[in-house]
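For reference, the structure discussed in these notes is given below.
In this text the structure is predicted, and so the values were computed from the model without any measurement.
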Amino acid sequence: MGGWFTRTDAMESGYTDSELRRRLRTGQWSRLSRDVYVEAVLYGLPTWGLDLSKVHVTKASGRTRSDKIAELHRSRFESGDIAVVDGLHVVTPARAVVEAACTSSYEVGVVLGDAALREGLISPDLLVATADRHRT
């Protein structure tokens, strides 16, 4: 499937309700809202050490909150922090690696950073610059 999609999209692609529930349970897909879903890791990075039970959403303003589906974070965005993947506005690979490291562990950051570098999604300089902007 790739990117975000609705339940109707999944059914039209041949998935059943039981397959949809299984993919949600295993963390392969995550729920964005009622009947709207997203691939858990859009850039194909490893999920080692990540808690995929919730979708993490970062926004520039407003309140932060959490519920069963999503963890909302508030942060400023720099020019170039946003990419569009399958019509969905998401953070860039460098920002995704840094945010995942900030909300999980040092080890997760190393695994994700190494994979993103190996896949050519980011450069060492871009990763360091992004991490420096998000120290806190």
Side-chain angles (χ1 to χ4, degrees):
M1 303 235 22
W4 69 274
F5 53 94
T6 65
R7 179 186 173 278
T8 301
D9 294 333
M11 299 298 117
E12 288 175 356
S13 295
Y15 292 95
T16 65
D17 280 323
S18 64
E19 289 171 317
L20 192 147
R21 284 189 300 272
R22 181 179 54 78
R23 287 173 181 263
L24 289 170
R25 189 174 53 252
T26 62
Q28 194 171 4
W29 292 349
S30 294
R31 181 171 299 165
L32 287 178
S33 65
R34 181 180 168 92
D35 291 338
V36 178
Y37 307 93
V38 67
E39 293 275 356
V41 183
L42 293 175
Y43 293 114
L45 295 173
T47 59
W48 181 89
L50 291 172
D51 177 4
L52 299 177
S53 62
K54 291 185 179 185
V55 174
H56 287 262
V57 178
T58 304
K59 59 185 191 168
S61 63
R63 295 183 327 153
T64 60
R65 67 175 178 83
S66 297
D67 58 27
K68 293 186 331 184
I69 297 170
E71 182 82 32
L72 295 176
H73 307 277
R74 189 176 65 214
S75 179
R76 72 180 198 282
F77 290 94
E78 302 287 331
S79 174
D81 278 347
I82 303 297
V84 179
V85 176
D86 295 329
L88 183 66
H89 288 83
V90 296
V91 294
T92 60
R95 175 99 182 224
V97 168
V98 169
E99 286 191 9
C102 288
T103 59
S104 57
S105 69
Y106 173 79
E107 291 83 6
V108 167
V110 169
V111 169
L112 292 175
D114 181 61
L117 289 164
R118 185 177 60 251
E119 295 298 318
L121 295 173
I122 58 175
S123 69
D125 291 341
L126 179 59
L127 182 58
V128 169
T130 304
D132 284 346
R133 284 198 322 269
H134 300 282
R135 289 182 198 206
T136 59

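Of all heavy-atom pairs spanning Val91 and Tyr43, the tightest one is O-OH, 2.7 Å. Of all the heavy atoms in Thr92 and Gly80, the pair that sits closest is CG2-O, 3.0 Å. Taking both residues in full, the closest heavy atoms of Ala116 and Val97 are given as CB-CG2, 4.0 Å, listed atom of the first, atom of the second, then distance. Between Ala10 and Leu20, the closest heavy-atom pair is CB-CD1, 4.3 Å. Among all heavy-atom pairs drawn from Ala60 and Arg74, the shortest one is O-CG, 3.8 Å. When all heavy atoms of Pro46 and Leu112 are compared, the pair lying nearest together is O-CD2, 3.1 Å.
Between the side chain of Ser123 and the backbone N or O of Leu126, at least one donor-acceptor pair lies under 3.5 Å. Looking only at distances, no side-chain donor or acceptor of Asp132 sits under 3.5 Å from a matching main-chain atom of Ala129.
Here Arg34 contributes atom CZ and Thr6 contributes atom OG1; the two are 12.5 Å apart, rounded to the nearest 0.5 Å. The line from OG1 of Thr103 to CG of Leu50 is 7.5 Å long, rounded to the nearest 0.5 Å. Note: Thr47 OG1 to Leu45 CG = 10.0 Å, rounded to the nearest 0.5 Å. Atoms CD and OG, on Glu19 and Ser13 in that order, are 11.0 Å from each other to the nearest 0.5 Å.
The side-chain heavy atoms of Leu117 and Pro124, taken from C-beta on, include a pair separated by under 4.5 Å. Residues His134 and Asp81 meet the side-chain proximity criterion, which asks for heavy atoms closer than 4.5 Å.
Checking each of His73, Arg76, Arg95, Glu99 against Thr58 for a side-chain hydrogen bond (donor to acceptor under 3.5 Å, both in side chains) leaves exactly one that passes, namely Glu99.
Geometric assessment of Arg22 against the ring of Tyr15 yields a negative cation-pi assignment under the 6.0 Å and 45° thresholds.
Transitive grouping of hydrophobic side chains (ILVMFWY, heavy atoms separated by less than 4.5 Å) keeps Val84 and Val57 in distinct clusters. The cluster map of Ile, Leu, Val, Met, Phe, Trp and Tyr, joined by side-chain heavy atoms under 4.5 Å apart, puts Tyr106 and Ile122 in different clusters. A continuous path of Ile, Leu, Val, Met, Phe, Trp and Tyr side chains, each step under 4.5 Å between heavy atoms, connects Met11 with Phe5, placing both in one hydrophobic cluster.
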